[in-house]
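The model shown is predicted, which means the values in this text are computed figures rather than measured ones. Residue numbers start from 1 in every chain, and the chains themselves are labelled A, B, ... in the order their sequence lines are given, proteins ahead of strands. No hydrogens, no waters, no symmetry mates; every other heavy atom, side chains included, goes into these values.
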There are 2 protein chains.
Amino acid sequence: MKTLKYSRQRESIKACLMARHDHPTADALYTSIREEYPNISLGTVYRNLNLLVELGEIQKLTCGDGADHFDADTSPHYHFVCKSCGQVSDMRLSPMEEINQLAQEHAEGQVDSHTIYFYGTCGHCLRNNS
Amino acid sequence: MKTLKYSRQRESIKACLMARHDHPTADALYTSIREEYPNISLGTVYRNLNLLVELGEIQKLTCGDGADHFDADTSPHYHFVCKSCGQVSDMRLSPMEEINQLAQEHAEGQVDSHTIYFYGTCGHCLRNNS
DNA sequence: TTCTATGCAAAATATTTGCACAATT
DNA sequence: AATTGTGCAAATATTTTGCATAGAA
């Protein structure tokens with residue numbers, strides 16, 4: 001059986017993710033963490049992010065821009081993705097648990113969960129661009 | 001200005017995608033198409049899939065399993081992803097256009113669209129696995 | 001001491017792209 | 001003839017992994 005041992009790198013990764021309200025990619029987080037731990041490797045960041053996801057302590061977001069993003073908030077909520085700047089942000093929209101049941105009625109299998117991504121242009125880009 | 005020229009490879013890619021009910025990855029589609037065009041290259045498949053997405057003739061699905069999937073059905077609909085076998089299938093669930101408005105009320109930017117992925121275990125895996 | 005975690009580099013995946021040549025208009 | 005598309009291979013981008021060593025229990 002495999003036990004979990006403490007590592008300050010893992011603590012730092014989780015602390016850093018909790019402190020940010022954007023939803024950084026592994027590489028963006030790696031850049032942040034190097035300020036405190038200049039020798040940390042990208043592999044370690046990936047390994048710990050995956051571990052934290054498995055432990056249910058953080059969440060992985062796949063919003064379609066190529067790289068996965070990470071979110072320290074594991075409570076059910078939805079995300080907004082700006083098609084102009086790529087920024088990923090939280091939506092203040094109450095979780096619609098009932099749509100799992102709705103989906104279940106039309107499904108042959110077992111529906112456990114769902115994700116929703118909203119796409120559009122963020123306030124900042126609306127003002128500055130086009 | 002760039003004009004679009006006919007190519008039988010592109011026709012074959014679109015025809016092949018329309019004929020399938022699963023939602024293949026670029027590589028899976030490449031394997032299918034090689035039966036008819038053994039010399040087609042994976043790069044050509046990617047180039048044409050991206051082109052067809054830009055033209056709005058097909059849709060790209062990013063369901064979180066690493067590779068993008070493609071869907072010839074561009075009408076608004078949702079997808080189910082089996083966490084056991086990875087199969088991606090269409091949901092028979094009427095599109096909830098109203099949730100864009102709902103999201104808009106809580107957003108600082110402009111909300112244009114949304115995607116929903118349901119996750120769980122498909123009927124086939126429920127019967128065979130664990 | 002006994003595992004687990006790390007750093008590093010190489011490998012594995014997925015996707016894009018430069019270029020010479022082929023196909024379309 | 002002019003321009004776009006293709007095949008091939010190399011390049012990118014993202015993520016994973018093998019291995020020797022460092023760190024935790």
Requested in this report: Give a yes or no on whether a salt bridge exists between K83(B) and D112(A), defined as a side-chain N under 4.0 angstrom from a carboxylate O.
Outcome: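 Judged by the 4.0 Å cut-off on N to carboxylate O distance, K83(B) and D112(A) do form a salt bridge.
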**Report entry** Check: H21(B) ring centre within less than 6.0 Å of H23(B) ring centre
**Finding:**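 Between H23(B) and H21(B), which both carry aromatic rings, the centre distance is not below 6.0 Å.
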Closer than 3.5 angstrom, by distance alone: can the side chain of [X] be matched with the main-chain N or O of [Y] as a donor-acceptor pair?
X       : Y       : result
Y119(A) : C63(A)  : yes
Q59(A)  : S75(A)  : no
Q104(B) : V111(B) : yes
H106(B) : L93(A)  : no

State, yes or no, whether a side-chain contact exists between [X] and [Y] at a heavy-atom distance under 4.5 Å.
X      : Y       : value
L61(A) : D68(A)  : no
F80(A) : H114(B) : no
C85(A) : C122(A) : yes

Does anything in [range] reach DNA chain C, meaning a heavy atom under 4.0 Å, and if so which residues?
range                     : answer
residues 4-33 of chain B  : K5(B), Y6(B)
residues 79-90 of chain A : none
residues 41-61 of chain A : S41(A), T44(A), R47(A), N48(A)

Report task. Check step by step if side-chain hydrogen bond (donor to acceptor under 3.5 Å, both in side chains) holds for R10(A) and T44(A). Result -> CA-CA 8 Å; R10(A) 188 184 311 126; T44(A) 295; over 6 Å; no
**Report entry** Rounded distance (Å) that lies between atom C1' of dG5(D) and atom CG of N39(B)
**Finding:**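 Spelled out: CG on N39(B) to C1' on dG5(D) is 15 Å.
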**Report entry** Spacing of D65(A) atom CG relative to dA13(D) atom P, expressed in whole Å
**Finding:**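 That distance rounds to 14 Å.
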Report task. Let me know, please, whether K2(A) or D68(B) comes out on the 5' side of the other along DNA chain C by nearest nucleotide. Result ->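 The residue mapped nearer the 5' terminus is K2(A).
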